[in-house]
Amino acid sequence: MQRILAEGRKSNDFKLRTIDDSFGSWFAFEENGKEAPPPSETKTAIAVWVGLYPTVVPLTLALSPLKMPLWLWLLVGNLLSSFLMSFLTMPYYVNRLLKRWLKPSPDEPAAKTNLVGLGIVAAVNVFWGVVFYLVTTEIWTLP
């Protein structure tokens, strides 16, 4: 046993990586070929909200004809939304849309960056709100 522990102490074949953010790879940006620190928790929470709404509403509409019990629908819906958010919504929609706000240039004033970023967040959520209002009241209603 001591021999195995000694071998483990000698090995340098690993790289320790600390994830400073609860959303991990959803906000993996690079600066000069190196991983950049994640955005603030407030910005990441708002960015997740921006991605969650246009993920969950279509998923709800798609799953509703299956008429699953609520507990099963939530189980399946949470699984599918996690995958969609990880592989589609966050990397191809939210991070591209909000990149300048999430990882602002150091020479841009923070107040201007935050104002523009929050304006984009508001405009996008109003857009999706109108789209989903029209879809769920004029085109498709849940059973």
Side-chain angles (χ1 to χ4, degrees), residues 1 4-5 7-143:
M1 181 70 154
I4 293 171
L5 290 173
E7 284 179 26
R9 286 187 199 109
K10 290 180 188 177
S11 175
N12 290 328
D13 294 343
F14 66 91
K15 180 180 175 185
L16 181 62
R17 179 175 175 227
T18 303
I19 298 174
D20 296 330
D21 188 271
S22 58
F23 293 106
S25 65
W26 283 8
F27 299 99
F29 295 107
E30 289 188 7
E31 288 177 2
N32 303 323
K34 296 179 182 177
E35 281 188 32
S40 73
E41 289 184 18
T42 301
K43 285 184 177 182
T44 58
I46 292 170
V48 168
W49 177 53
V50 169
L52 198 57
Y53 187 51
T55 301
V56 171
V57 174
L59 193 56
T60 301
L61 293 171
L63 293 176
S64 67
L66 301 178
K67 298 188 185 336
M68 292 184 277
L70 180 62
W71 66 269
L72 182 58
W73 184 93
L74 289 171
L75 181 70
V76 172
N78 282 323
L79 173 67
L80 293 176
S81 65
S82 295
F83 274 97
L84 288 171
M85 292 285 290
S86 294
F87 298 108
L88 183 67
T89 308
M90 295 310 292
Y92 296 106
Y93 169 61
V94 174
N95 282 340
R96 289 181 180 183
L97 179 70
L98 299 177
K99 185 174 184 174
R100 290 186 63 195
W101 179 61
L102 294 169
K103 296 302 300 175
S105 171
D107 57 329
E108 283 190 64
K112 178 184 175 191
T113 301
N114 287 331
L115 194 59
V116 170
L118 291 174
I120 292 170
V121 166
V124 165
N125 278 320
V126 166
F127 168 79
W128 285 121
V130 169
V131 167
F132 294 140
Y133 168 77
L134 293 172
V135 167
T136 59
T137 60
E138 304 299 321
I139 299 168
W140 187 356
T141 58
L142 292 176

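Only a predicted model underlies this, so the values are computations on that prediction, with no experimental measurement involved.
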Review point. Can Val57 and Val131 be said to form a side chain to side chain contact (heavy atoms under 4.5 Å, CB included), step by step?
Key: CA-CA 11 Å; Val57 174; Val131 167; over 6 Å; no

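- By the side chain to side chain donor-acceptor pair (under 3.5 Å) test, Thr42 is found to be paired with no residue, residues two or more places apart in sequence or in another chain being considered.
- The CG atom of Asn95 lies 5.0 Å from the CE atom of Met90; values are rounded to the nearest 0.5 Å.
- Listed by first then second residue, pairs satisfying side-chain hydrogen bond (donor to acceptor under 3.5 Å, both in side chains) with a partner in residues 117-134 read Tyr93-Trp128, not counting sequence neighbours.
- Applying the side-chain hydrogen bond (donor to acceptor under 3.5 Å, both in side chains) test to pairs two or more places apart or on separate chains, those with a residue in residues 80-89 are Trp26-Ser86, Thr55-Thr89.
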Practice item. List the steps, then state whether side chain to side chain contact (heavy atoms under 4.5 Å, CB included) holds for Leu52 with Met85. Key: CA-CA 7 Å; Leu52 198 57; Met85 292 285 290; 4.2 Å; yes

Check your understanding: Would Val124 and Leu98 satisfy side chain to side chain contact (heavy atoms under 4.5 Å, CB included), going step by step from the backbone distance to the final call?
Key -> CA-CA 11 Å; Val124 165; Leu98 299 177; over 6 Å; no

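- When every heavy atom of Thr44 is checked against every heavy atom of Pro39, the shortest pair comes out as CG2-O, 3.9 Å.
- Remark: the backbone N or O of Trp101 is paired with a side-chain donor or acceptor of Lys43 at under 3.5 angstrom.
- Note that the CG atom of Leu74 and the CG atom of Leu79 stand 12.5 Å from one another [nearest 0.5 Å].
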Exercise for review: Give the intermediate values and the outcome of side chain to side chain contact (heavy atoms under 4.5 Å, CB included) for residues Val76 and Met68.
Suggested key: CA-CA 10 Å; Val76 172; Met68 292 184 277; 4.3 Å; yes

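- Note: Phe132 CZ to Phe127 CZ = 8.5 Å, rounded to the nearest 0.5 Å.
- The CG atom of Leu97 lies 9.0 Å from the CG atom of Leu102; values are rounded to the nearest 0.5 Å.
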